[in-house]
There are 2 protein chains.
Amino acid sequence: MPQTKAGATDEIVVQACPVREVLDRVAGKWSILIIVAAARGPVRFTELERSIEGISRRMLTLTLRNLERDGLLTRTVYATVPPRVEYELTDIARELHQSLLSLTGWAQRHRETISAARHAYDAERLAEGR
Amino acid sequence: MPQTKAGATDEIVVQACPVREVLDRVAGKWSILIIVAAARGPVRFTELERSIEGISRRMLTLTLRNLERDGLLTRTVYATVPPRVEYELTDIARELHQSLLSLTGWAQRHRETISAARHAYDAERLAEGR
DNA sequence: CCGTATCCCAGTGGATACTG
DNA sequence: CAGTATCCACTGGGATACGG
């Protein structure tokens, strides 16, 4: 088991700050992408693998398990041959997805501004020889 | 953004990209905490250091620089003795902070549910000897 | 007061090969 | 099809010490 993460952050920091709690749930490189990809309806493993560009088999599995563990995703196995597994968002995950929309809106509105700020900042440091 | 063959699966990825962008900006252990802490008004370095429990001097500096670089934070140095530096959210950071509220709301509403789901999941694996 | 500079380790995630 | 198992590289971030 390469990645068990039930560390001190779960209890100490999270209690003090609900913000931390969201972030822990949604952090990691792939969680949100999976939530978005599954927002339309039930998805199969391979579907996710294909639609989320760049994700490895390992990380897909790992992230799915964590989301399932947190009750954001349900996993349904159909005893067919070949096997078929479907993942579906739970109600609270759908709620989360709605909240996410506000964030993506922000990102889209300001992506240019942020990119510009970044370049300006870098250019300035460069000019100073830093 | 180059339009590739726009299949149904590609759309998912495309829509998810802005999400990635937000996440990259806001990822890391401390970014959001700083944004929240600075939401009330200008804050000094030491103020942040004290109010954000557990943050190291190094990470505070690092995170502040990144936020500044992305244009989410302004840094104002007052040439006094002893030196005084104030950090303040930019307008787009305040917008981000508003969007964050929707997320923290979600976290607070469902923290119990999620915690329960997590324990249930763990208990089940344990019972199966996994 | 406000940082920078090093050192270092745990954790994250990629690549690849194997299985029910 | 839907995963596990294994190995490995990279980096986020803590501890600590020093400088303007």
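Numbered from 1 within each chain, the chains take letters A, B, ... in sequence-line order.
- Between A:E53 atom CD and C:dG13 atom P there is a gap of 18 Å when expressed in whole angstrom units.
- Whole-Å rounding puts the A:R84 CZ to D:dC1 C1' distance at 11 Å.
- Taking the nucleotide of DNA chain C with the nearest heavy atom to each of B:T61 and A:G54, the more 5' of the two is matched to B:T61.
- Atom CZ of A:R125 and atom P of C:dT4 are 10 Å apart (whole Å).
- Take the nearest nucleotide of DNA chain C for B:T46 and for B:R58: the residue whose nucleotide is more 5' is B:T46.
- In the set C:dC1, D:dG14, D:dG3, D:dG3 carries the atom at the smallest distance from any side-chain atom of A:R75.
- Remark: P of C:dC2 and CD1 of B:I52 are 14 Å apart, rounded to the nearest angstrom.
- Distance CG (A:L64) to P (D:dT4): 10 Å, rounded to an integer number of Å.
- A 6.0 Å sphere centred on CG of B:D24 holds more than 12 heavy atoms belonging to other residues, nucleotides or ligands.
- Going from atom CG of B:L48 over to atom P of C:dG3 covers 10 Å, rounded to whole Å.
- Under the 4.5 Å side-chain heavy-atom criterion for grouping Ile, Leu, Val, Met, Phe, Trp and Tyr, B:V77 is connected to B:L48 within one hydrophobic cluster.
- Taking only side-chain atoms of A:W30, from C-beta outward, the nucleotide of C:dC2, C:dG14, D:dG3 with the closest atom is C:dG14.
- Atom pair A:E49:CD and D:dT4:P shows a separation of 13 Å (rounding to whole Å applied).
- If you find the closest nucleotide of DNA chain D to B:R57 and to B:T63, the one lying nearer the 5' end belongs to B:T63.
- Candidate nucleotides D:dG13, D:dA2, C:dC2 were compared by shortest atom distance to the side chain of B:M59, and D:dG13 ranks first.
- When distances are taken from the side chain of B:P83 to each of D:dG3, C:dG20, C:dC1, the shortest belongs to C:dC1.
- Taking atom CD of residue A:E68 and atom P of nucleotide D:dA2, one finds them 15 Å apart after rounding to whole Å.
- A side chain to side chain contact (heavy atoms under 4.5 Å, CB included) with A:L67 is found for one member of A:L89, A:L62, A:T74, A:L73 and no other, namely A:L73.
- In this structure, the nucleotide among C:dC1, D:dG3, D:dG13 sitting nearest to the side chain of B:K29 is D:dG13.
- In this structure, B:Y87 reaches the sugar-phosphate backbone alone: every heavy-atom distance under 4.0 Å involves primed, P, OP1 or OP2 atoms, never a base.
- Considering every non-hydrogen atom in both A:S31 and A:V26, the closest pair reads CB-O, 3.8 Å.
- For A:D122, the CG atom sits in a packed shell: over 12 heavy atoms of surrounding residues, nucleotides or ligands are nearer than 6.0 Å.
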